[in-house]
Amino acid sequence: MAYIAGVDIGNSSTEVALLRTSDDGTHEFVASALYRTTGLKGTKKNVPGVVNALTRAAEQVGIDPGDIDRVLLNEAAPVIGDVAMETITETVITESTMIGHDPSTPGGVGLGTGTSVEITADMADHDPADPVIFLVPDSVDFADAAARINEWHENGYDVEGAIVQRDDAVLIHNRIDVEIPILDEVSDLDKIPRGQPTAVEVAPQATGKTIDELSNPYGIATVFDLSAEETQKIIPVARALVGNKSAVVIKTPRGDVEERTIPAGNLHIVSGRGSTTEVPVDQGAEVIMEAVMNNWPVSDVRGESGSNIGGMLNRARDSMAEVTGQPMDSIEIRDIMAVDTLIPQAVQGSVAGEHSMESAVALAAMVKTQQLPMRQIADGIEAELGTTVVIQGVEANMAVLGSLTTPGTDVPIAILDMGGGSTDAAYMDVDKEIDSIHLSGAGDMVTMLIDSELGLDDRDVAEAVKKYPSAKVQTLFSIREEDGTVDFLDEPVDPSLFGRTVLLEDDGEMRPVPVRKSPEEIRRVRRRAKRNVFVTNAERALNLITPTESIRQIPFVVMVGRSSLDFEIPEMISDALAEYGIVCGRANVRGEMGPRNAVATGLVLSHIGGGQYLDFELPAELSTSLERTPTKTD
Amino acid sequence: MAYIAGVDIGNSSTEVALLRTSDDGTHEFVASALYRTTGLKGTKKNVPGVVNALTRAAEQVGIDPGDIDRVLLNEAAPVIGDVAMETITETVITESTMIGHDPSTPGGVGLGTGTSVEITADMADHDPADPVIFLVPDSVDFADAAARINEWHENGYDVEGAIVQRDDAVLIHNRIDVEIPILDEVSDLDKIPRGQPTAVEVAPQATGKTIDELSNPYGIATVFDLSAEETQKIIPVARALVGNKSAVVIKTPRGDVEERTIPAGNLHIVSGRGSTTEVPVDQGAEVIMEAVMNNWPVSDVRGESGSNIGGMLNRARDSMAEVTGQPMDSIEIRDIMAVDTLIPQAVQGSVAGEHSMESAVALAAMVKTQQLPMRQIADGIEAELGTTVVIQGVEANMAVLGSLTTPGTDVPIAILDMGGGSTDAAYMDVDKEIDSIHLSGAGDMVTMLIDSELGLDDRDVAEAVKKYPSAKVQTLFSIREEDGTVDFLDEPVDPSLFGRTVLLEDDGEMRPVPVRKSPEEIRRVRRRAKRNVFVTNAERALNLITPTESIRQIPFVVMVGRSSLDFEIPEMISDALAEYGIVCGRANVRGEMGPRNAVATGLVLSHIGGGQYLDFELPAELSTSLERTPTKTD
Amino acid sequence: MSRGDAGSDGDDVPRIYVRSLGETASALVEYVEHGIEEEGVPWVVESGFDGDCVAIAHEAAVESPLKIGVCVSDTRLVVHHKQLAADAPVFDVTDPAAASARYLGSNAARLAKGTPLRPVE
Amino acid sequence: MSRGDAGSDGDDVPRIYVRSLGETASALVEYVEHGIEEEGVPWVVESGFDGDCVAIAHEAAVESPLKIGVCVSDTRLVVHHKQLAADAPVFDVTDPAAASARYLGSNAARLAKGTPLRPVE
Ligand SMILES: Nc1ncnc2c1ncn2[C@@H]1O[C@H](COP(=O)(O)OP(=O)(O)O)[C@@H](O)[C@H]1O
Ligand SMILES: Nc1ncnc2c1ncn2[C@@H]1O[C@H](COP(=O)(O)OP(=O)(O)O)[C@@H](O)[C@H]1O
Ligand SMILES: [Mg+2]
Ligand SMILES: [Mg+2]
């Protein structure tokens with residue numbers, strides 16, 4: 001009886017498949033185990049993680065790890081992925097021309113236009129013919145403000161609206177005798193110019209309506225009697241106010257709202273043929289990706305020093321240098337993936353703390369070298385356990401072998417290995433020859449996109465948002481899921497969760513989402529991030545490895561990697577590939593492991609020539625280890 | 001003192017603008033009025049509507065309609081629009097292979113596989129080694145079913161799941177000693193084959209999760225040990241189950257789920273140059289529209305006789321023949337607009353009343369003739385009121401003049417007239433020359449898309465869904481708007497509305513939506529319909545009338561027509577055009593009418609040469625009436 | 001999912017209150033309970049009530065944390081809601097068949113959940 | 001929007017119940033009312049209560065159709081919810097400043113609406 005273990009060292013986890021071969025030659029997989037990868041993949045620090053994983057597998061069949069006769073190690077993909085984001089637009093309000101923070105409890109309704117006047121002003125200084133918009137600072141009590149408004153109104157003045165510093169709009173509106181629109185929660189009220197033409201609009205409550213005059217450039221032109229040229233200048237103001245339930249626009253001499261592009265530098269994409277293409281980052285993802293595909297296969301990518309993206313590209317090179325010991329400038333970036341995204345940023349010059357969603361470009365990059373120094377890891381394991389350790393096969397090839405134990409599969413087959421830092425694909429043709437590629441853009445990029453678009457500023461929470469569906473805690477005993485289903489609970493939720501949006505984690509725990517977003521919004525952002533990264537990369541990868549350049553030729557596509565454990569991603573990809581008539585689905589390694597353990601299983605299969613698990617003969621290059629261990633006297 | 005009235009006869013409404021000219025020559029618009037258009041636009045039946053509208057305007061200034069000195073009539077756009085839809089796919093289940101109807105209260109959790117057995121079967125006839133999936137018809141009480149399941153279980157049988165005809169899954173699950181998945185509400189349970197391999201899956205409750213084995217072709221391959229070829233055949237089964245919270249798959253000898261294309265015939269598009277292009281309808285909107293734009297300007301379009309679309313095209317021709325008296329085959333279809341959409345259809349061969357969203361092509365078509373016989377209408381009005389009636393100008397030109405009274409506008413300017421049956425555009429260049437076009441695809445198409453995608457089967461409700469935001473009645477005193485805002489009400493809503501999705505109509509009324517859709521879903525469908533029709537057509541129209549073929553050259557775009565009253569459409573269009581730097585917004589005719597009354601106002605302006613309302617001199621062709629009335633002795 | 005055990009005092013779980021006229025619960029009560037149980041909403045049954053079914057249903061609704069009250073007699077089934085006028089229940093059915101009682105229970109639970117009601121046959 | 005008139009018996013509008021210890025309402029009550037009024041949720045104020053503020057707030061929450069109860073004394077402000085254990089209120093603040101009382105009122109209303117709470121300074 002002999003025990004053979006396949007060991008797959010990945011970026012985040014180290015997996016083991018343990019096989020027992022009986023004396024009569026029967027093979028049986030008897031255990032599978034997992035432990036987190038210790039240290040950077042490809043370094044000696046991986047050894048403790050491997051030993052732990054082997055120990056866990058061994059325990060399941062009552063042996064010691066040292067009893068394992070042979071350990072088969074993968075030649076891990078010599079790939080490191082990283083991500084970064086560059087914001088490429090910003091909104092600047094000059095002269096406090098616009099207030100669009102859309103407070104939750106404005107007062108009154110309608111459109112009011114007049115001159116901006118301090119609430120404490122003296123009536124005597126003002127002409128009753130001039131309509132007035134009152135500015136109410138926090139030093140003025142709402143009851144006093146209401147009294148003053150009534151006083152001016154009784155004396156024949158035309159009060160047309162009010163802008164209030166405190167959250168007092170409804171309180172004021174309930175105490176005045178005129179129906180006027182009132183906007184509140186304007187934290188920097190003192191920045192608003194006095195004596196200028198001002199328009200306030202509040203949409204009717206409980207109607208679902210939004211404002212429609214100040215969000216229309218001609219509406220603003222009407223209230224301020226603008227010329228055609230002046231109207232052209234206020235396009236960004238009107239645009240920024242679309243969808244608001246309330247807004248203020250002030251006509252100031254030089255007032256403006258600008259959406260500026262932030263210079264974000266260029267990406268220099270070097271093709272395999274040696275030519276370099278310069279792409280300005282602020283041109284956006286589509287232009288960048290076009291340049292990438294036009295320069296395929298990419299030989300290197302350089303960013304603008306001082307930019308986020310430039311810094312990230314250097315960081316990726318740096319990590320690889322650390323792992324391999326190679327000099328940094330010999331390390332090349334072999335793929336980048338750009339995705340357009342949005343990130344909430346404070347609006348410069350705002351008077352009410354407004355934020356706007358600015359355009360940003362998210363970039364994932366991948367460095368690749370020839371080979372990772374697995375031999376040192378093998379030596380380390382041997383030293384610990386006294387077992388023979390062999391580097392059995394290249395990760396991608398072993399993944400294909402392991403995936404072929406999924407019921408219903410056959411050759412030709414493509415696998416999509418969706419991890420954290422990279423999306424890898426491999427294709428085995430009818431002659432059992434395997435071709436593989438690595439692309440940047442995977443789980444970590446999805447997490448980053450979720451993080452930025454929801455304004456979480458917390459990668460941990462973003463990871464959780466990615467992995468778990470959200471729900472609204474409606475009452476202490478019921479939740480409403482993203483699709484509207486209402487569930488009653490046996491135990492009350494923690495009071496701190498009342499009314500919150502939460503994530504339904506695996507263990508039944510509910511984790512609150514720290515930002516004010518509904519489950520529907522979260523779902524939308526989450527799915528878009530997954531789609532923009534993984535569906536795009538699935539198509540990109542399959543198109544690159546298909547021999548005939550037609551995805552249709554691949555009858556079977558199997559998804560592996562921990563990102564294929566995701567509750568939405570595999571089905572998004574299957575759906576996108578369905579029009580090609582491809583059987584695409586999550587792997588089910590050995591009919592029971594799901595998408596896990598493909599490489600570890602493949603390593604073992606490689607060693608035993610497939611056994612009864614594969615229904616074809618393994619070609620020599622897939623059943624021969626990559627190197628033999630030197631004898632211990634080496 | 002003289003009174004002049006401009007009268008615009010539209011498809012749905014007839015509008016009037018009334019001007020008073022004082023003895024000193026001062027012009028002043030003193031009244032505006034509206035009445036619904038009586039009869040088909042362009043026929044003598046329009047006369048009563050015109051008279052009513054004139055009466056309403058006259059009343060506002062205390063005169064009789066007969067006191068109006070001159071009535072200026074528009075030469076209405078000789079255009080009729082119509083819409084129809086063709087379903088192009090269908091789903092057919094043979095041999096009850098799949099059930100994916102996703103009942104709201106399934107029971108238990110997990111994946112169970114076994115042979116389908118009647119609950120009333122005799123234990124003795126079954127081998128304890130064979131796992132069992134019970135079928136429970138409505139003749140069996142849930143308590144009995146539970147008892148039987150427990151009996152089999154106690155006797156060592158492996159009960160793996162149950163499929164129940166009545167809505168009893170939870171009741172059964174609460175009374176059995178095994179944790180098994182149970183699917184219920186299967187109305188045609190008797191159609192399910194007995195004795196076949198069957199798999200049941202229910203996702204865990206209150207987690208937001210959906211099934212993940214039966215929605216994966218390899219998951220189905222695993223439970224039924226399918227070969228690679230068999231796995232290729234169940235792709236549509238797996239696909240159809242994506243997103244379900246529960247599902248059943250049965251392996252039958254010939255069982256299959258087919259998504260078939262329904263032959264929908266061809267469209268024959270005849271270009272102005274005389275060539276004909278045949279486009280199969282089932283190729284979808286993109287292909288159809290490409291053919292339309294390649295054959296622009298279109299000279300005629302013919303459909304497949306017997307199809308919905310073919311019938312609609314003939315109907316449009318027929319209407320125009322009725323109005324103009326021209327022979328049907330001389331009437332030409334000058335534009336079509338296709339939009340891909342979905343329509344819920346019953347799945348053939350289903351056993352639980354499943355519906356699936358099938359692909360359909362929505363088509364709007366437009367017939368156009370040279371001129372409508374407005375003179376007869378003019379004569380009719382003259383006969384009624386004794387006033388001089390002149391056909392003053394072409395609708396598009398008059399609309400431009402009226403639109404230019406919007407503050408902030410200037411020439412060159414384009415107008416987008418968004419109506420019910422057509423989207424019309426006109427462009428006035430710096431030389432004050434006007435070019436105009438008519439495109440099919442407008443408000444009626446939006447309504448049809450909403451109707452079909454929400455499965456309303458009621459154009460009236462669909463119109464209301466288009467025009468009003470939706471909300472959920474959460475309690476008798478509060479509603480939740482589409483954006484999550486919660487409003488408290490002073491009066492309780494009608495109990496029949498409790499928990500319903502309603503439309504927030506203008507008068508404060510809440511109209512229930514008769515289908516089970518959340519406000520978020522309604523919002524999504526509604527906005528997509530508006531975007532696919534109006535944003536597409538806005539871009540299409542502006543591209544066609546821009547002299548330099550670059551939209552950027554048009555500094556001002558103004559929207560008129562009743563569809564521009566919509567609470568979402570104008571902002572969607574402005575947003576789409578914003579990247580071109582265009583000032584785009586809803587018109588504000590005379591600084592007070594919003595997008596209404598443009599043509600009626602323009603007719604008057606044409607007659608008075610612009611007056612103080614336009615800041616340029618009108619060229620002769622825009623200030624001369626199209627024909628003079630013959631003297632009454634003619 | 002919550003189950004409908006007979007709730008006890010101090011039981012914190014919000015429940016639909018089902019009240020039966022007379023000492024022994026009408027046979028119809030069971031069907032109502034089935035409808036509620038299948039929908040996964042907690043409830044409690046109390047017997048021995050006396051008086052007008054509509055009024056009793058409304059009192060039950062007023063006391064129920066879920067604001068839903070049901071009153072069952074041998075010949076009548078009333079489903080009420082706390083926020084409705086006492087004389088205007090959601091459902092008031094005379095001589096309901098077993099199947100109707102089942103649907104009414106189902107609808108009582110759906111009212112509690114805020115999901116669309118089933119048409120009562 | 002609904003206004004907070006002093007609700008009367010038989011008033012059907014669901015309200016937050018605010019209860020003040022002592023015969024005359026504490027000055028803090030007004031600030032609480034402002035917070036509720038600004039959020040557009042109906043409420044009613046009753047004075048003359050005696051006893052433990054947390055217990056009174058809970059009783060108020062139990063009786064309130066909106067399930068929210070507030071108890072105000074000169075030195076304490078408690079916001080409670082019907083479904084919470086009587087001794088575990090949502091907020092329990094000693095010697096709140098006027099601004100805090102305002103926020104607590106605001107949050108009581110937000111609890112009723114199910115919208116996110118404001119951080120109480
Ligand atoms: N349950 C899960 N659902 C979704 N994503 C997951 C889940 N578990 C892990 N991931 C993601 O998988 C990625 C890591 O994949 P893995 O295959 O371990 O990568 P690598 O091969 O680089 O080690 C991370 O981005 C992580 O967020
Ligand atoms: N308040 C509204 N919101 C959205 N659409 C509207 C509104 N009122 C009318 N419509 C739409 O306007 C269209 C009719 O526009 P109109 O300009 O009257 O057309 P036509 O010029 O063909 O008479 C119809 O599709 C109708 O649904
Ligand atoms: Mg406010
Ligand atoms: Mg059920």
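Below, read A as the first sequence line, B as the second, and so on, with proteins coming before strands; counting in each chain starts at 1.
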TODO: Counting only heavy atoms closer than 4.5 Å, note whether R480(B) contacts chain A via side chain, backbone, both or neither.
DONE: side chain
TODO: Drop me the distance from Q205(B)'s CD to T485(A)'s OG1, to the nearest 0.5 angstrom.
DONE: 8.5 Å
- [ ] Check whether any side-chain heavy atom of D506(A) sits under 4.5 Å from a side-chain heavy atom of K209(B), and report yes or no.
- [x] yes
- [ ] Taking all heavy atoms of Y218(A) and all of P407(B), pick out the closest pair and write down the distance.
- [x] CD2-O, 3.5 Å
Task: Part of F556(B) within contact of chain A (heavy atom distance under 4.5 Å) - done: both
Open item on the list: Can you tell me which portion of N588(A) sits under 4.5 Å from chain B's heavy atoms? Options are side chain, backbone, both or neither.
Closed with: side chain
TODO: Using non-hydrogen atoms and a 4.5 Å limit, figure out which bit of K472(B) sits close to chain A: side chain, backbone, both or neither.
DONE: neither
Open item on the list: Give the interface residues of residues 234-242 of chain A toward chain B, defined by a heavy-atom separation under 4.5 Å.
Closed with: I235(A), R239(A), V242(A)
Open item on the list: What part of N216(B) gets within 4.5 angstrom of chain A, counting heavy atoms only: side chain, backbone, both, or neither?
Closed with: side chain
Open item on the list: How close do T207(B) and E481(A) get, counting heavy atoms only, and between which atoms?
Closed with: N-OE2, 4.1 Å
Open item on the list: Let's test your reading of the structure: which of G408(B), G585(B), A221(B) forms the most heavy-atom pairs below 4.5 Å with chain A?
Closed with: G408(B)
Open item on the list: Which atoms of S518(B) are under 4.5 Å from chain A, going by heavy atoms: the side chain, the backbone, both sets, or neither?
Closed with: neither
- [ ] Among the options D483(B), L503(B), I479(B), L226(B), pick out the one with the most heavy-atom pairs lying under 4.5 Å from chain A.
- [x] D483(B)
Open item on the list: As an exercise: rank E230(B), M559(B), K245(B) by heavy-atom pairs under 4.5 Å with chain A and give me the winner.
Closed with: K245(B)
Open item on the list: If the threshold is 4.0 Å, N to carboxylate O, is there a salt bridge linking R524(B) and E520(A)?
Closed with: no
Open item on the list: Just verifying a value: how many Å separate D212(A) CG and D566(B) CG, rounded to the nearest 0.5 Å?
Closed with: 11.0 Å
Open item on the list: Less than 4.5 Å to any heavy atom of chain A: does that hold for the side chain of Q474(B), its backbone, both, or neither?
Closed with: side chain
- [ ] Measure I211(B) against the heavy atoms of chain A and call it side chain, backbone, both or neither at under 4.5 Å.
- [x] backbone
TODO: Please determine, among V583(B), T231(B), T409(B), L504(B), the option with the most heavy-atom pairs under 4.5 Å with chain A.
DONE: V583(B)
Open item on the list: Just verifying a value: how many Å separate T210(A) OG1 and E568(B) CD, rounded to the nearest 0.5 Å?
Closed with: 8.0 Å
TODO: Compare every heavy atom of P555(B) with every heavy atom of Q232(A), then report the nearest pair and how far apart it is.
DONE: NE2-CB, 3.4 Å
Task: Residues forming a side-chain hydrogen bond (donor to acceptor under 3.5 Å, both in side chains) with R516(B), sequence neighbours excluded - done: none
- [ ] Can you tell which part of V557(B) gets under 4.5 Å to a heavy atom of chain A, answering side chain, backbone, both or neither?
- [x] backbone
Open item on the list: Below 4.5 Å, heavy-atom pairs only: which of P570(B), C584(B), A471(B) has the largest tally toward chain A?
Closed with: C584(B)
Open item on the list: Please classify the contact between I582(B) and chain A as side chain, backbone, both or neither, with a heavy-atom cut-off of under 4.5 Å.
Closed with: backbone
Open item on the list: Tell me which of these, G208(B), P469(B), A228(B), has more heavy-atom pairs under 4.5 Å with chain A than the rest.
Closed with: A228(B)
- [ ] Mind listing the closest non-hydrogen atom pair of S215(A) and E571(B) along with its distance?
- [x] OG-OE2, 2.7 Å
Task: Structural part of V558(B) lying under 4.5 Å from a heavy atom of chain A - done: both
